[in-house]
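All residue numbers in this chain count up from 1 along the given sequence. It should be emphasised that the depicted structure is a prediction, and the values quoted were computed from it without experimental measurement. Read the numbers this way: they start at 1 and go in the same order the structure lists the ligands and their atoms.
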Amino acid sequence: MLNIILMGPPGAGKGTQAVKIEQEFSLPHISTGDMFRAEMASGSELGKTVKEIINRGDLVPDELTCEIVKARLSQPDCANGYMLDGFPRTLPQAEALEKMGKEINRPVTMVINVSCPDEELKRRITGRRVCPKCGASYHIIDMRPKKEGVCDLCGSELIQRKDDNLASFDTRLSNYYKSTAPLIAFYKERGLLFDFDGTIGSENVKNEIFALLRGK
Ligand code: AMP
């Protein structure tokens, strides 16, 4: 069963790989960041609660985050596998996920960890442009859309995420090292961790990940 976590610092390429994996293996792509952004766009109470936190690059409280993940993982489309992108990000979240995985009989079977040096992460994040409609990701130098400022896939106007600025990036990176990086040891201990070098080009990273997933 492919019950996967995609892990790595902001800008490592999780979102890019998630789209490729989703298409190839038909796994529901569960991105907590996308879920929160959808709540913010809809103006819901949850959206209003998390907006400030997210825009400054901080982490949403564990309890709130775990609640939306549990509801999502319990849905029928996750019975034959799922892919978590951006969750868990803290030790309490990883522990909660382990508990809920047992409860709903959908435990994590594999953790894909993509790494990348800090300077490269900063370059990627500050040059990133995204499609607010379909979530496709571009870069002003590395991955330009065919038509400037317009999404290749759905034709919407590209934007820069509010948290893709230098100050928020610094906060997100330090939160990553403080809260998320310790999860590498957590999953290594459980024999679930697989490491990938995020600097070898997205097609190469994809090929390596696909080879692992096909072997399972
Ligand atoms: P992402 O799209 O994964 O970069 O997430 C964007 C932002 O949403 C993060 O910087 C956090 O503020 C928030 N967020 C997403 N996932 C989580 C999580 N698992 N725990 C806490 N906050 C999260």
Grab the two heavy atoms, one from L121 and one from G11, that are nearest each other, plus how far apart they are.
-> CD2-C, 3.5 Å
Exam field: side chain R128 to backbone R123, donor-acceptor pair closer than 3.5 Å = no
T171 side chain to A167 backbone, donor-acceptor under 3.5 Å = yes
Close N or O approach (R89, ligand 1; < 3.5 Å) | yes
Return yes or no for this condition: an N or O of R37 is under 3.5 Å from an N or O of ligand 1.
-> yes
Would you say the side chain of L193 lies within less than 4.5 Å of the side chain of I184, judging by non-hydrogen atoms?
-> yes
Looking only at distance, does Q93 have an N or O less than 3.5 Å from an N or O of ligand 1?
-> yes
Under 3.5 Å, is there a donor-acceptor pair between the D118 and Y176 side chains?
-> no
With backbone taken as N, CA, C and O and side chain as the heavy atoms from C-beta onward, which portion of K14 lies under 4.0 Å from ligand 1: side chain, backbone, both, or neither?
-> neither
Between I54 and ligand 1, does any nitrogen or oxygen pair lie at a separation below 3.5 Å?
-> no
Contact atoms of ligand 1, heavy-atom distance to T65 under 4.0 Å = 18 (C), 19 (N), 20 (N), 21 (C)
Numbered atoms of ligand 1 (with element) below 4.0 Å of F87, judged on heavy atoms | 19 (N)
All heavy atoms of Y138 vs all of M143, minimum pair found to be CB-O, 3.2 Å
For N204 and I200, indicate whether the former's side chain and the latter's backbone hold a donor-acceptor pair under 3.5 Å.
-> yes
Please report which non-hydrogen protein atom sits nearest to atom 11 (C) of ligand 1, along with the residue it belongs to and the distance in Å to one decimal place.
-> D58 O, 3.4 Å
Give the residue, atom name and distance (to 0.1 Å) of the protein heavy atom nearest atom 22 (N) of ligand 1.
-> V60 N, 3.1 Å
Could you tell me whether some N/O pair between F36 and ligand 1 is separated by less than 3.5 angstrom?
-> no
Exam field: side chain T32 to backbone G86, donor-acceptor pair closer than 3.5 Å | yes
Close approach of R161 to ligand 1, heavy atoms, under 4.0 angstrom = yes
T32 heavy atoms, cut-off 4.0 Å: which ligand 1 atoms fall inside?
-> 15 (C), 16 (N), 17 (C), 19 (N)
